[in-house]
Amino acid sequence: MANAGFERQAVPLARKFETLFKDFDYVVAPSVSCTAFIRMNYPRLLNHECPTAKRCMDVVEFLHDVVKVGLPDGKAPGTAVRLGSFPHKVSLHNSCHGVRELGLSSPSEQNVSKFNKIRDLLQLVDGIEVVEPERPDECCGFGGMFSVEETAVSAQMGRDKVERHIATGAEFITGPDCSCLMHMEGVAKKQGLDIKFKHVVEILAAGL
């Protein structure tokens, strides 16, 4: 709603969010775009009276930074605990909001040391082979209202992105944002492309 320009109408939703979740230590979401919007914009919409927004985290950063999945007591990275098993080749999708607003991975346009929290978690899964497409953090074209207002551009960006994922030879495309995965899966189905999609948490839970 707010992304479409209806910010005033979104204020009651932001207030309801604060009321519902104010007593929790963390609010964890399976979508980086939703998490980023809440964290970046709810404080502004509510005149900086939304402390819960700061405690809203994407599930990947929560598992990686707070729970520290795979590390006993959050220490000794050399003795990482193994998670489930997923013996497949998987292409990693780095969603725009995750890269540039939540810091889940290093943006390619910046001269910084490379890191990827999504890959870190996936590498705790036995049997998995994680690859990344050419232009690893280029947008898939969804972008919420962008895909409605610029349908042709959005669809072409989606086709280009899916084709780059397929070029890796992967069986699955995974990532932390449900909306990106939904968009690319729709593109793949319309094009009759042989590629499957799983949210990163589905892979982490596989075989547990």
Side-chain angles (χ1 to χ4, degrees), residues 1-69 92-110 112 115-118 120-121 136-158 161 173-187 197 199-202 204:
M1 182 183 292
N3 278 335
F6 300 100
E7 288 201 341
R8 289 183 182 177
Q9 290 88 333
V11 169
L13 296 176
R15 288 202 184 104
K16 187 172 184 179
F17 173 88
E18 177 66 22
T19 299
L20 289 173
F21 297 109
K22 64 181 179 180
D23 296 326
F24 292 90
D25 295 327
Y26 296 98
V27 181
V28 181
S31 173
V32 296
S33 54
C34 294
T35 303
F37 187 85
I38 289 170
R39 193 187 298 173
M40 303 294 176
N41 293 283
Y42 272 19
R44 177 177 56 81
L45 293 177
L46 296 181
N47 297 316
H48 302 285
E49 296 178 0
C50 188
T52 305
K54 297 177 182 178
R55 303 196 298 273
C56 185
M57 302 187 75
D58 169 69
V59 64
V60 167
E61 64 177 337
F62 181 73
L63 292 174
H64 187 281
D65 298 345
V66 179
V67 179
K68 300 184 187 298
V69 169
L92 178 54
H93 183 71
N94 300 291
S95 297
C96 299
H97 290 88
V99 176
R100 296 173 181 88
E101 294 192 330
L102 299 185
L104 298 187
S105 59
S106 51
S108 58
E109 70 272 9
Q110 293 184 11
V112 296
F115 67 90
N116 195 308
K117 297 177 184 180
I118 315 164
D120 289 347
L121 293 177
D137 55 2
E138 183 177 73
C139 182
C140 69
F142 180 65
M145 285 302 298
F146 172 77
S147 63
V148 177
E149 296 169 342
E150 299 289 347
T151 305
V153 178
S154 172
Q156 185 60 56
M157 291 174 71
K161 192 69 181 184
I173 298 174
T174 192
D177 199 317
C178 299
S179 56
C180 295
L181 295 175
M182 176 186 68
H183 174 63
M184 290 187 291
E185 186 170 13
V187 168
F197 295 79
H199 192 281
V200 63
V201 171
E202 293 181 276
L204 296 177

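Everything numeric here is computed off the predicted structure, so don't read it as measured data.
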- Message: Which residue in the set Asn47, Leu46, Asn41 passes side-chain contact (heavy atoms from CB on, under 4.5 Å) when paired with Arg44?
- Response: Asn41
- Message: Rounded to the nearest 0.5 Å, what separates atom CD1 in Ile38 from atom OG in Ser31?
- Response: 9.0 Å
- Item | Backbone N/O of Asn94 and side chain of Asp137: donor-acceptor pair under 3.5 Å | no
- Got Leu63 and Leu204 here, is their nearest side-chain heavy-atom distance under 4.5 Å? yes
- Message: Within this structure, what is the CZ-SG distance for the pair Phe142 and Cys96, rounded to the nearest 0.5 Å?
- Response: 12.0 Å
- Roughly how far apart are Cys139 SG and His93 NE2, rounded to 0.5 Å? 7.0 Å
- Message: If you compare all heavy atoms of Ser106 against all heavy atoms of Val112, which two are closest, and at what distance to 0.1 Å?
- Response: CB-CG2, 3.9 Å
- Item | Side-chain donor or acceptor of His64 paired with backbone N/O of Asp120 under 3.5 Å | no
- Query: Between His199 (side chain) and Pro30 (backbone), is there a donor-acceptor pair under 3.5 Å?
  - Reply: yes
- Message: side-chain contact (heavy atoms from CB on, under 4.5 Å), that's the test. Do Thr35 and Glu61 meet it? Break it down for me.
- Response: CA-CA 11 Å; Thr35 303; Glu61 64 177 337; 4.2 Å; yes
- Distance-only, no hydrogens or angles: does the Arg39 side chain make a donor-acceptor pair with backbone N or O of Cys56 under 3.5 Å? yes
- Item | Any side-chain heavy-atom pair of Val187 and His183 under 4.5 Å | yes
- Task: Can you measure from OG1 (Thr174) to CD (Glu202) and round to the nearest 0.5 angstrom?
- Result: 7.5 Å
- Query: Between Thr19 (side chain) and Arg15 (backbone), is there a donor-acceptor pair under 3.5 Å?
  - Reply: yes
- Query: Which atom names give the shortest non-hydrogen contact between Phe146 and Gly141, and what distance separates them?
  - Reply: CD2-O, 3.4 Å
- Query: Donor-acceptor pair, Ser105 side chain versus Val99 backbone, under 3.5 Å?
  - Reply: no
- Which pair of non-hydrogen atoms, one from Phe115 and one from Gly103, has the smallest distance, and what is that distance? CE1-O, 3.3 Å
- Message: Which residue is it: Leu181, Val59, Asp58, Leu92? I am looking for the one with a side-chain contact (heavy atoms from CB on, under 4.5 Å) to Pro176.
- Response: Asp58
- Under 3.5 Å, side chain of Asp177 to main-chain N/O of Ser33, donor-acceptor pair present? yes
- Task: State the NE2-CG distance between His97 and Leu102, to the nearest 0.5 angstrom.
- Result: 8.5 Å
- Message: Just verifying a value: how many Å separate Cys180 SG and Met184 CE, rounded to the nearest 0.5 Å?
- Response: 6.0 Å
- In terms of heavy-atom contacts, Arg100 and Glu109 come closest through NE-OE2, 2.9 Å
- For residues 19-38, the ring pair (Phe, Tyr, Trp, His ring centres under 6.0 Å) pairs (sequence neighbours left out) are Phe17-Phe21, Tyr26-Phe62
- Note on the structure: side chain to side chain donor-acceptor pair (under 3.5 Å) filter on Thr151, not counting sequence neighbours, yields none
- Taking Glu18 for its side chain and Thr52 for its backbone only, find out whether a donor-acceptor pair lies under 3.5 Å. yes
